[in-house]
Amino acid sequence: MKLRHIFTAMLLTGCAAGSMAQSSAEANSEIMMNAYNALLDEDPRDPEILFRRAGEYYRRNDYVRALDDVNNALRLLPAEEADTRLQALNMRSSIYMMMHKYDNALTDLNALLETNPSSYALLYQRGTALYELGRYRDARSDFNQMLRLNPRSQEATLGLARVAVKENNLGVANELCDRAVSYTPNSGDIYLRRAAVRSLMGSDQGAVDDYITAISIDTESTPRAIGELVTLSRTNYPVVIAGLTNAIAKAPKNGMFYFIRAMIAQGHCNYLAAIADYDKIINENLDSYPGLNAALAECYYFLGRYEIALLNADYAISATDDNAPYYVIKSNIKRAVNDCDAALAAAESALEKAPESIDALKAKALAQIPLGQTADASVALSECAMEAPEDPMIAILRGWVLEDYRKQKSNATKSYERVLDMDFDFDNVHSLRGFALLVLDRKDDAVKWMDKVLATANDYDGEVNYLAACCYSQAGLLDRAFRCMETSLEKGYANYHNWTRACEANVNCSPMREDPRFKPLLDKYSRLFK
């Protein structure tokens, strides 16, 4: 599978709204929803339309509204409409499953199975609900009944494997997983499913091997397998990298494995390792597409090596017309070397290609600020905030421009307070809650938040301690900040640009840079950057 196809598939997985197929589906969905709403305006007690609208909400993953509609439909459906009532009950059980309301789902599933006790699908749903409720013996009974209906059922076999794990019968679980794979050994999906059970068993190595196998044999499974590897790397980075390294040793000319290893290394701020793999792909002609040079540009940018970063960004831009993200990278590089006119021009080129790009709008605003175009920067950040209302960095940047440059303290305060209202767990470092609290003159609360984050977070690559160093330094607690800086560097946080140049708003470590401890500490860990 070509790397550009992997990359495109991954983008589509996260950004499918931009595809023509999805746009068409969304348009049809909107037409149907408008029709249902119009009919219900005429007769809000029409159970058939309520049921159909519930289905549309369900397809949109809007389970709260779907549940409300299906409940109303069941309440209004006459008893003689038995088939429709069963369909509605079936839908409601699925909604409850998606909402993890397993007790409610079980009640509906029991009622449905009374009328159709041999339904394979209903048995699987009930077995899963029982499993989630910790009723493993009952779940086993349903999965075994599924096997009686279909002796080669992978769903039932893997369900029994999950039960065996919970009952600490790991040998049985392994045997069942292998049996499930043996039914369709050439399907990537079954390896993804076995990997999930292996993760449940605590066998991260086994899970990594399965994800890599899925990538090797089934291109349709590749985006999901890569996503699972990325997720697993957040808790066990060494085993993921070791698994990919082993795969490369067995297939040294497979550019895909180098690409995945590089991408994961880059995501963990291990830029030198990522660069080595991207260079390997290019220099040995394992594959070639502009995204590789764009990735190199980002890595060199984060390492503070702006000249070579710019060369790679320009090459990526020149190699394709689909280059809006590459112009954003160029804009960031140009801003880092204080060429803000060129940074603004690059951001505007990105917006010509992708007018609603949040990254391009942000790059434009950040280039405009040092050029004195702060009113325009405020407008750009307001557009960003409308497009990404749950992005705390956008809200903080907007508040910063409004307060420090536009002298609109009241509006700035609202923007900072918006950060505190965003839907993040309290101890999620990416909520940037502490930075908003600092500019709202709530230093004690900011420090308590950062203390809580450090006590609970899994800082797998040093980013949490980097942000802690930023927060503590902005609060004037430099001793704490330097302790966090050293921990961050020990964990491998190699973003030299952030350490030495980042200066937007207060989400940076600029108060530390003039301290005599700063440069020697960076020098001590220079191996991360050179």
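Side chains are part of it too, since the values below use all heavy atoms of this structure and drop only hydrogens, waters and symmetry mates. The residues of the chain are indexed from 1 along the displayed sequence. Computed from a predicted model, the values in this text were never measured in an experiment.
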Ile282: side chain to side chain contact (heavy atoms under 4.5 Å, CB included) partners, not counting sequence neighbours:
Leu292, Asn293, Leu296
Check for a donor-acceptor pair, side chain of [X] on one end and backbone N or O of [Y] on the other, with a separation under 3.5 Å.
{"X": "Tyr258", "Y": "Pro252", "result": "yes"}
{"X": "Tyr300", "Y": "Leu310", "result": "no"}
{"X": "Ser94", "Y": "Asn90", "result": "yes"}

Checking ring-ring contact (aromatic ring centres under 6.0 Å, His included) for the pair Tyr102/Tyr96: CA distance, chi angles, key distance, verdict?
CA-CA 6 Å; Tyr102 300 112; Tyr96 280 139; over 10 Å; no
Name the orientation class of the two ring planes belonging to Trp449 and Phe435 (parallel below 30°, tilted from 30 to 60°, perpendicular beyond 60°).
perpendicular
Between Tyr466 and Tyr493, how do the two ring planes meet: parallel, tilted or perpendicular, split at 30° and 60°?
parallel
Asn34, CG atom: more than 12 neighbouring heavy atoms under 6.0 Å:
yes
Check whether more than 12 heavy atoms from other residues, nucleotides or ligands sit under 6.0 Å from atom CZ of Arg65, and answer yes or no.
no
Salt-bridge contact [X]-[Y] (side-chain N to carboxylate O under 4.0 Å):
{"X": "Lys330", "Y": "Asp314", "result": "yes"}
{"X": "Lys491", "Y": "Asp461", "result": "no"}
{"X": "Glu390", "Y": "Arg418", "result": "yes"}
{"X": "Arg193", "Y": "Glu155", "result": "yes"}
{"X": "Arg162", "Y": "Glu132", "result": "no"}

Contacts of type salt bridge (Lys or Arg N to Asp or Glu O under 4.0 Å), residue Arg59, not counting sequence neighbours
Glu56
Return the set of residues passing salt bridge (Lys or Arg N to Asp or Glu O under 4.0 Å) with Asp322 (not counting sequence neighbours), or none when no residue passes.
none
State, yes or no, whether a side-chain contact exists between Leu112 and Ser93 at a heavy-atom distance under 4.5 Å.
yes
Stepwise ring-ring contact (aromatic ring centres under 6.0 Å, His included) test for Tyr460 and His268:
CA-CA 8 Å; Tyr460 51 86; His268 286 258; 4.9 Å; yes
Carefully, step by step, assess Tyr496 and Phe302 under the rule ring-ring contact (aromatic ring centres under 6.0 Å, His included).
CA-CA 6 Å; Tyr496 192 81; Phe302 290 133; over 10 Å; no
Take Glu167 and Arg137 through the salt bridge (charged side-chain N to carboxylate O under 4.0 Å, His left out) test and state the conclusion after the steps.
CA-CA 10 Å; Glu167 295 178 337; Arg137 179 182 297 179; over 6 Å; no
Residue pair Ser488 / Glu463, side-chain donor-acceptor N/O under 3.5 Å:
no
Among Gln125, Arg126, Arg135, exactly one meets side-chain hydrogen bond (donor to acceptor under 3.5 Å, both in side chains) together with Asp142. Which residue is that?
Arg126
Salt bridge (charged side-chain N to carboxylate O under 4.0 Å, His left out), paired with Arg194, selected from Asp189, Asp209, Asp210
Asp210
